[in-house]
Amino acid sequence: MKSFTEYLWFNTPTRRGLVNITEEIGAVVGKSGVREGLCLVSAMHITSAIWVNDEEPGLKEDVMEWLEKLAPVADYRHHRTGEDNGDAHLKRTVMHHQTILPITKGALDLGPWEQVFYAEFDGKRKKRVIIKILGE
Amino acid sequence: MKSFTEYLWFNTPTRRGLVNITEEIGAVVGKSGVREGLCLVSAMHITSAIWVNDEEPGLKEDVMEWLEKLAPVADYRHHRTGEDNGDAHLKRTVMHHQTILPITKGALDLGPWEQVFYAEFDGKRKKRVIIKILGE
Amino acid sequence: MKSFTEYLWFNTPTRRGLVNITEEIGAVVGKSGVREGLCLVSAMHITSAIWVNDEEPGLKEDVMEWLEKLAPVADYRHHRTGEDNGDAHLKRTVMHHQTILPITKGALDLGPWEQVFYAEFDGKRKKRVIIKILGE
């Protein structure tokens, strides 16, 4: 059995955004030498998420607008702490903060349109994603 | 360590629907020979999901009606590409597209009411789910 | 390869609530002896969830209030069975019922604010969470 860990760092120029990280993850899988296994990709900060969906600009705008309706910027109790990112904690909850990608024959085993995005809801600062691979 | 991979194919007769796949997954676990491990079940198409919940007809109608409220059929930017399934991408996001099932003593280790559903939001065409098992 | 399984039992005094289980999970990881691996934490009952977010009282109230808006107590078809917890099935769907935690150097590899919560939406009765660890 093999395990392999790597951390990706982010510091998005805007507060919110979607960053396609499919290629970076594929490169980590290659480096790991794992041929058959599971690859965890998990946001380590609680105002960002991992989203598996389509690399289509219109859809990416749609999902961000939709999240604003479901979990709007508003006056949350959480803001009594001095924070102003209550909505970001909720948006990340809808999107979910992690995914497990299958590895088959040494590569990510994704469907034809599956792309992996880092979803930032409170950016402009350093944040991390862990990639943890387990397999053989 | 053992790994085992199988793909389930779907082609639902209706555009939306929930298909109980608990037994199929259990059969794949049996075939894998894994006694202790983890079983990833992940939709490989970005307008379908995997939902773990109750096999109760009323609840299954409730969840589909509720998803229509949260992520309605509407005019999305995504439709500029010629697609008409923007809502399906969002519904799949709420439901999440994958689950990890524990395997204990050679079988799925599920709670008394846990059933696994393939949730289709843009069907009537061929789609795949990957089952990837890792364990011993 | 090593695998390790433990079940946590809950019987919350209130119908809804968030219980921080980060320390309990860490203790199970220690007991497992696994140094590098993945730790599945999954609610085995279909009206509860696992939420990874901030241990901040205001935010915890915010998320419960927000879930009530997204998936309100109402008259669901599911209630024809005699149940009255349709909202709990939907709230658990938004929150997702499981998480995979990375294990690095023998401990949970969490970000600075990541805490793991058992989220109960139909409590006052015995329920279980499975912890399943795979690694080396």
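Residue numbers begin at 1 in each chain, while the letters A, B, ... track the order of the sequences.
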*Asks:* Are there donor-acceptor pairs under 3.5 Å across chain C and chain B? List atom names and distances.
*Replies:*
residue : atom : partner : partner atom : Å
S3(C)   : OG   : E136(B) : OE2          : 3.0
Y7(C)   : OH   : D109(B) : OD2          : 2.5
L70(C)  : O    : W66(B)  : NE1          : 2.9
R77(C)  : N    : D62(B)  : OD1          : 2.9
R77(C)  : N    : D62(B)  : OD2          : 3.2
R77(C)  : NE   : E61(B)  : OE1          : 3.2
R77(C)  : NH1  : D62(B)  : OD1          : 3.4
R77(C)  : NH1  : E65(B)  : OE1          : 3.2
R77(C)  : NH2  : E65(B)  : OE1          : 2.6
H78(C)  : N    : D62(B)  : OD2          : 2.9
H78(C)  : ND1  : E56(B)  : OE1          : 2.6
H89(C)  : ND1  : N53(B)  : OD1          : 2.7
R92(C)  : NH2  : V52(B)  : O            : 2.6
T93(C)  : OG1  : W51(B)  : NE1          : 3.0
Q98(C)  : OE1  : T99(B)  : OG1          : 2.8
Q98(C)  : OE1  : I100(B) : N            : 2.7
Q98(C)  : NE2  : I100(B) : O            : 2.9
K132(C) : NZ   : E36(B)  : OE1          : 2.6
K132(C) : NZ   : I103(B) : O            : 2.7
K132(C) : NZ   : T104(B) : OG1          : 2.6

*Asks:* Considering only heavy atoms, which portion of A43(C) lies under 4.5 Å from any heavy atom of chain B: side chain, backbone, both, or neither?
*Replies:* backbone

*Asks:* Can you tell me which portion of L90(C) sits under 4.5 Å from chain B's heavy atoms? Options are side chain, backbone, both or neither.
*Replies:* both

*Asks:* By a 4.5 Å heavy-atom criterion (distance strictly below it), what part of I103(B) contacts chain C: side chain, backbone, both, or neither?
*Replies:* backbone

*Asks:* Measure distances from I100(C) to the heavy atoms of chain B and classify the residue's part below 4.5 Å as side chain, backbone, both or neither.
*Replies:* side chain

